[in-house]
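Here's the structure, in C-alpha cells; my notes come after.
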Amino acid sequence: MSRQYNCDKCPAYCCSYGRIVVTKRDIKRLARHFSIDPSLAEKKFTKTGSKTGERVLRHREDEHFLTICRFIDPETRNCTVYSARPKICREFPGEGRCGYYDFLTFERRAQEDPEWIATTDGL
Ligand code: SF4
Ligand code: SF4
C-alpha cells in the first residue's frame with residue numbers, strides 16, 4: 001500500500017502523544033548523539049510513565065497541543081534528533097495510513113481550510 005500521509009503537511013501530531021516509549025538502546029543512541037553518558041541522557045530526556053512505569057520521552061509545552069516531545073523544533077515542527085530518534089518513532093505509522101493524518105485531512109476538507117491544525121483543547 002502506498003503512503004497515504006504527508007508529514008510535511010502535519011504539525012507533528014504523533015509527537016504530541018504522551019506515551020512515546022524508549023528502550024535502553026534508544027537511550028544509548030541519544031546519549032551518543034549528544035556525546036553524554038547514557039545515565040544522564042535517561043535523566044534529561046526521559047521520565048517514568050505515570051501508568052505503566054516504563055521510560056517515555058519528556059515533553060515540553062506546545063502552542064498547538066498542550067505538550068509535545070521535547071525534541072520537536074517548534075518553528076519547523078521537525079524532529080531535532082531525527083538520525084538518533086527512538087525505534088518507535090522510526091516505525092510509526094509504518095507504510096500505508098496514519099490515523100492522525102486521516103483526521104487532519106478530513107477536518108481540513110470539512111472546514112475548507114488547508115492549514116487547519118487540531119489543538120488539544122478542542123476543534
Ligand atoms: S501524525 Fe502522521 S502525518 Fe503527522 S507527522 Fe506523525 S506520522 Fe506524519
Ligand atoms: S524523538 Fe523526534 S520523532 Fe520521536 S517523538 Fe520526539 S520529536 Fe517526534
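One is the number of the first residue; the rest follow in order along the sequence. Atoms within each ligand, like the ligands themselves, are counted from 1 in listed order.
- The protein atom (non-hydrogen) at minimum distance from atom 7 (S) of ligand 1 is Pro93 CD, 3.6 Å.
- Between Asp37 and Lys43 there is no salt bridge, since no side-chain N of the basic residue sits under 4.0 Å from a carboxylate O of the acidic one.
- With hydrogens left out, the protein atom closest to atom 2 (Fe) of ligand 2 is Cys79 SG, 2.4 Å, a heavy atom.
- Side chains of Trp116 and Gln111: a donor on one and an acceptor on the other come within 3.5 Å.
- Counting the atoms of ligand 1 from 1 in the order shown, those under 4.0 Å from a heavy atom of Cys10 are 1 (S), 3 (S), 4 (Fe), 5 (S).
- For atom 6 (Fe) of ligand 2, the closest non-hydrogen atom of the protein is Cys69 SG, 2.3 Å.
- Note on ring orientation: taking the six-membered ring where Trp is involved, the planes of Phe65 and Tyr13 are parallel (angle under 30°, cut-offs 30° and 60°).
- Lys9 and Arg108 make their closest contact through O-NH1, 2.7 Å (heavy atoms, listed as atom of the first residue, atom of the second, distance).
- With no hydrogens or angles considered, no side-chain donor-acceptor pair links Thr67 and Arg60 at under 3.5 Å.
- The contact set between ligand 1 and Tyr100, taken as ligand atoms under 4.0 Å from a residue heavy atom, comprises 1 (S).
- Scanning the protein heavy atoms around atom 4 (Fe) of ligand 2, the nearest turns out to be Cys89 SG, 2.3 Å.
- Taking a cut-off of under 4.0 Å to the non-hydrogen atoms of Tyr13, the atoms of ligand 1 that pass are 1 (S).
- Taking every heavy atom of both residues into account, Ile20 and Ile88 meet most closely at CG2-CG2, 3.7 Å.
- Residue contacts with ligand 2 for Pro86 involve side-chain atoms from C-beta outward but no N, CA, C or O (heavy atoms, distance under 4.0 Å).
- At the top of the distance list for atom 8 (Fe) of ligand 1, counting protein heavy atoms only, stands Cys7 SG, 2.4 Å.
- Using a 4.0 Å cut-off between charged nitrogen and carboxylate oxygen, Glu54 and Arg19 count as a salt-bridge pair.
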Given Arg70 and Phe45, is the side chain to side chain contact (heavy atoms under 4.5 Å, CB included) satisfied, shown in steps? CA-CA 8 Å; Arg70 70 186 303 290; Phe45 306 142; 3.2 Å; yes
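- At a heavy-atom cutoff of 4.0 Å, ligand 2 is contacted by the side chain of Leu57 but not by its backbone.
- In summary, Cys14 places an N/O/S atom under 2.8 Å from atom 6 (Fe) of ligand 1, meeting the contact criterion.
- In this structure, a donor-acceptor pair under 3.5 Å is present between the side chains of Asp26 and Thr23.
- Ligand-side atoms of ligand 2 in range of Ile72: 7 (S), range being under 4.0 angstrom from any heavy atom.
- Atom 5 (S) of ligand 2 has Ile20 CD1, 3.4 Å as its closest protein atom, hydrogens excluded (heavy atom only).
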